[in-house]
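Below: the structure, in structure tokens.
A, B, ... follow the sequence lines: proteins, then strands. Residue 1 opens every chain.
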Amino acid sequence: MRIRIKQALNSDEPKKNIQVMGWVRTKRQSKGFCFLEINDGSNLKNLQVIVDEGIPGYENVDEVNTGASVSISGDLVPSPGKGQTWELKASEILLIGVADPETYPLQKKRHSDEFLRSIAHLRPRTNKYGALNRIRSEMSFAVHRYFHDLGFNYIHTPILTGSDCEGAGEMFQVTALDLDSLAANGKKVNFEQDFFGKKAHLTVSGQLSAENMACALGDVYTFGPTFRAENSNTPKHVAEFWMIEPEMAFADLTDNMALAQDLIKKMIIHVRRECPDDMDLFYRFVDKELEARLDNIIDNDFVRLPYTEAISILQKTGQKFEFPVEYGLDLQTEHERFLCEKHFNRPVIIYNYPKGIKPFYMRVNDDNETVAAMDVLVPGVGELVGGSQREERLNVLVDRIVETGLSRDDYWWYIDLRRFGTVPHSGFGLGFERLLMLTTGVTNIRDVIMFPRTPKVLEF
RNA sequence: UCCCCGGUAGCUCAAUUGGCAGAGCGGGUGGCUGUUAACCACUAGGUUGGCGGUUCGAGUCCGUCCCGGGGAGCCA
């Protein structure tokens, strides 16, 4: 009977006649027998297999090299050696697929992240990237369970959008037109002849749709791919990423901040509980301070800091900054890092920003100067969450749309929400890859997503 | 997109002032009856990122392009 290696290693007792299938991580050969370490992806640890000369399949053992796939039958027995409780005493070994050692790129040694990125199709076979992807899977599951338990409805918002001005950055344009032949003819593009009869783009956020659903189902969330065509070349940006976007009816900015804090804490707690071995790898080999940092995040409330107070702190400190600190200007990375990593040394939620530096849909506060916006900043990663209470007053919203130079006609359905039974509501976007960076201590976003999409890179 | 740093064997890196291109790991071959980053011996492996220039001579200097890393902007 085939069992997963995780199950074999966690066994309470010897097992007769089991079968495992997986990939060879290392081979240590002696005369007359050899040791194999097999990994099937079910957990971080390998199963040590002892293969004696003479068993069926031993004649192929010279070809059973690092990277090869095998099926092995035998008995799970206590291991006399150090380093593992159980080992598999093989009675038969079947070579499924060879991996030529002269060309197989993964060696039984440590590789640099840069090199592994160039073989992204094989890197999940390493300890670190295997662990990372199991953590990613477990955290995705945790997102759904968290919101489900809170009574949120999981909704699916469109990926193709007709609105080219959602205000969250450059968008990828999508077309079914034959651009090559249009260019060859020197013709001007007529988007009325395109698939949708108008310009189409990939979504930069499900927020506007989610607001509509929240104002019917109460509490909703999306968790899906999001696209930004920004020419960003940084360790924190990719062109395609996954975003968690909750949206709550009858909720204000305070509720919003509370949800963001609770979500982040619960995700980290969940993964630490469910993936202890995988997390241990990151504590030991990726970031020695990770465990303490996660403790600190879980054990403390996030700082709630109005924008004006943030400015005041930054102006009073003796710290020199490259960029000016002044009311009305957006905070620079150096300012955010100072507040989060030095001054408070824990996550900081900055809220009530001047309305001039925030988008039209954020609710204008009573001072008529600021909007009910919030950003969650976390150590090492920076901005993890951006959100706001939404403007629910019809006239204020329309004024803001016009004021910021947008067309009210494009948003007629969004505006309608404020005409018919409008309610205070709030939500935010949380970058899933950035949450993974925070949780694992990995410092480059390209290493927490399987095949990262970045400017000039569309490999794999 | 801008600024800084880098690109040498499959991988990680050396190479003095411009003067014979090297090591460790990995690979191959042989040895070894309990290994676990296995061990011991031997061995192969190079268009020094591409193109052009300076020079008697370029891994090294100059120009340019490509790629990677770090920082900045934009943001999740």
How is [X] classified with respect to the nucleic acid when contacts are heavy atoms under 4.0 Å: base, sugar-phosphate, or nothing?
X	result
A:His111	sugar-phosphate
A:Glu114	sugar-phosphate
A:Ile50	base
A:Glu102	sugar-phosphate
A:Phe115	sugar-phosphate
A:Gly32	nothing
A:Gln29	base

Given [N], is OP1 or OP2 found less than 4.0 Å from the side-chain N or O atoms of [X]?
X	N	answer
A:Ser30	B:C32	no
A:Thr333	B:G73	yes
A:Gln332	B:G73	yes

Do you know which two heavy atoms are closest between A:Tyr58 and A:Phe33, and how far apart they sit?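 Heavy-atom minimum between the residues: OH-N, 3.5 Å.
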Quantified in whole Å, what is the C1' atom distance between nucleotide B:G10 and nucleotide B:G52?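 The answer is 30 Å between these two C1' atoms.
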Between B:G30 and B:A23, how many Å separate the two P atoms, rounded to a whole number? 24 Å
Cation-pi between A:Lys358 and A:Tyr353: NZ/CZ under 6.0 Å from ring centre and within 45° of the ring axis?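 Satisfied, under 6.0 Å and within 45°.
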What is the distance, to the nearest angstrom, from the CZ atom on A:Phe285 to the P atom on B:A37? 11 Å
Aromatic centroids of A:Phe360 and A:Tyr411 separated by under 6.0 Å: yes
A:Phe35 over B:G34, stacked by centroid distance under 5.5 Å, angle under 30°: no
